[in-house]
There are 2 protein chains.
Amino acid sequence: MPTEPLSRRRIVAAAIGLIEREGADAISMRRIAADLGVGVMSLYNHVPSKDVLLDGVAEAVLSKIEFTDDPDAHWTDRVRLQARAFRQIAHHYPRSLMVVVSRQLHSAAGLLPVERALATLRSAGFGGADAVRILRMFIAYIVGSLLREVGVTPTFAPVHTRMIKADSVDAALFPEVSSLAPLLDECDHEAEFEFGLELLIQAIVAHSARSR
Amino acid sequence: MPTEPLSRRRIVAAAIGLIEREGADAISMRRIAADLGVGVMSLYNHVPSKDVLLDGVAEAVLSKIEFTDDPDAHWTDRVRLQARAFRQIAHHYPRSLMVVVSRQLHSAAGLLPVERALATLRSAGFGGADAVRILRMFIAYIVGSLLREVGVTPTFAPVHTRMIKADSVDAALFPEVSSLAPLLDECDHEAEFEFGLELLIQAIVAHSARSR
DNA sequence: GAGCTTGCACGTACGGCGTACGTCCGTCAA
DNA sequence: TTGACGGACGTACGCCGTACGTGCAAGCTC
């Protein structure tokens with residue numbers, strides 16, 4: 001049974017699997033090697049360091065975004081689709097999201113979504129500077145939303161099934177928070193994401209109408 | 001020279017200082033203890049674990065937000081001020097931002113900004129559900145923006161003073177990225193932040209006008 | 001074939017990490 | 001005087017990333 005030879009791709013895949021199964025904190029070169037049934041130092045024949053390996057993880061996850069672009073559709077619909085494609089990866093690789101977000105990559109995998117988005121915005125008639133600004137704004141919103149969704153950012157839903165019995169101090173110091181507790185507790189992530197996305201798109205439409 | 005006694009507050013302050021001076025990766029119980037001129041294990045008399053200590057860091061940073069609210073101002077101006085107050089901490093504690101963002105806290109320090117924002121939105125006439133949705137959207141945008149500003153998120157400014165000599169492959173595969181490279185390279189963070197903030201506020205105004 | 005280079009898997013070892021546990025000492029109440 | 005107690009500290013364990021050296025198999029040149 002000649003095991004398939006070690007390779008950068010196999011190592012990155014194992015790392016992603018490990019992160020998704022046991023969380024980003026559980027990842028270590030030793031665990032990855034054990035998962036692959038090899039010695040620790042063998043990994044270093046294919047990957048120069050753990051840091052670069054994590055770059056590979058981020059790149060691999062990013063490259064799995066599935067864009068289904070229709071050049072004939074209205075640009076607002078194309079933006080919607082691209083934003084949702086981005087959001088997909090937070091569902092397929094939730095525990096890896098923090099890894100993706102916490103390192104900037106200079107690779108083609110990171111550039112493709114940018115290229116697509118810029119092309120869409122340019123084709124909608126936006127100037128270069130506007131396209132870049134708008135893209136940055138969308139990315140900020142999407143990244144922030146996904147972080148909340150994955151549960152890593154301060155949800156500011158303070159308690160997560162514990163608010164019900166908020167102590168009296170809470171109600172006195174934070175009247176709004178305490179009276180809106182039920183709403184803060186629950187969050188339909190998809191609906192929230194779509195709400196903000198729609199608002200953003202409408203804002204862009206209004207902005208472009210205003211400035212021409 | 002009787003050194004001031006060890007305390008949770010002193011430990012947290014030392015941790016913040018260390019993070020800002022040497023980066024979030026450099027933080028370790030041993031380094032903190034060394035900075036304080038103290039044995040490592042002494043820290044554990046005041047802090048149960050490194051994790052909880054980092055919670056303390058996040059809480060301390062968050063509690064340093066300076067809100068200057070004017071109840072008589074228009075709600076759009078109050079939202080602007082609150083968003084900018086939030087952004088301040090990214091400037092005062094840039095390297096700590098990732099720590100703040102990467103752990104959700106259930107403390108009063110985390111709740112205060114929420115309380116303020118909800119009160120502002122409610123006083124502007126928004127219903128509870130709308131106020132929560134709008135707040136979540138703003139937080140997503142602000143968190144995403146600050147992450148980019150601090151340089152931790154994929155800026156999608158691909159190269160950072162290296163794009164100029166983009167190889168020819170790049171121009172062929174990514175025409176938009178390569179032609180807009182100068183714009184992607186530079187980023188006036190304050191202007192970008194304000195641009196998105198204004199767009200968001202206008203979107204909310206339009207949304208509320210539409211739904212009544 | 002013989003000899004040699006090359007590539008890759010692997011073991012050992014080092015310095016650093018978080019922290020469980022035990023010790024020691026200064027302070028204060030009885 | 002004595003006893004309890006809180007807090008500072010040292011030691012030790014099991015992790016971590018990785019520098020470095022060893023050994024083995026495949027492919028090259030004569």
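Numbered from 1 within each chain, the chains take letters A, B, ... in sequence-line order. Note: hydrogens, waters and symmetry copies are ignored here, and every other heavy atom, side chains too, is used.
Between A/Leu43 atom CG and D/dA19 atom P there is a gap of 13 Å when expressed in whole angstrom units. In this entry the distance linking CG of A/Leu53 with C1' of D/dC16 reads 15 Å, nearest Å. What separates CZ of A/Arg8 from C1' of C/dC8 is a distance of 17 Å, to the nearest Å. A straight line from CE of B/Met29 to P of D/dC16 spans 20 Å, rounded to a whole angstrom. One interatomic measurement links the two molecules: CZ of B/Arg30 to P of D/dC9, which rounds to 15 Å at whole-angstrom precision. For B/Arg31 and C/dT19, the CZ to C1' distance is 19 Å, given to the nearest whole Å. The CE atom of B/Met41 sits 10 Å away from the P atom of C/dC21 (whole-angstrom rounding). Atom-to-atom, CG of B/Asn45 to C1' of D/dG10 comes out at 13 Å; the value is rounded to the nearest Å.
The side chain of B/His46 contributes no N or O atom lying less than 4.0 Å from OP1 or OP2 of D/dG6. Between D/dC9 and B/Ser42, a contact under 4.0 Å exists linking OP1 or OP2 to a side-chain N or O.
Residues B/His92 and B/Glu20 have side chains that never bring a donor and an acceptor to within less than 3.5 angstrom of each other.
In this structure, the side chain of B/Arg103 does not engage the main chain of B/Val52 through any donor-acceptor pair within 3.5 Å. A distance-only check finds no donor-acceptor pair linking the side chain of A/Glu22 to the backbone of A/Ile27 [under 3.5 Å].
Among the atoms of the strands shown, base atoms are found under 4.0 Å from some heavy atom of B/Val40.
B/Tyr141 and B/Phe193 have parallel rings, their planes meeting at less than 30° on a 0 to 90° scale where 60° marks the start of perpendicular.
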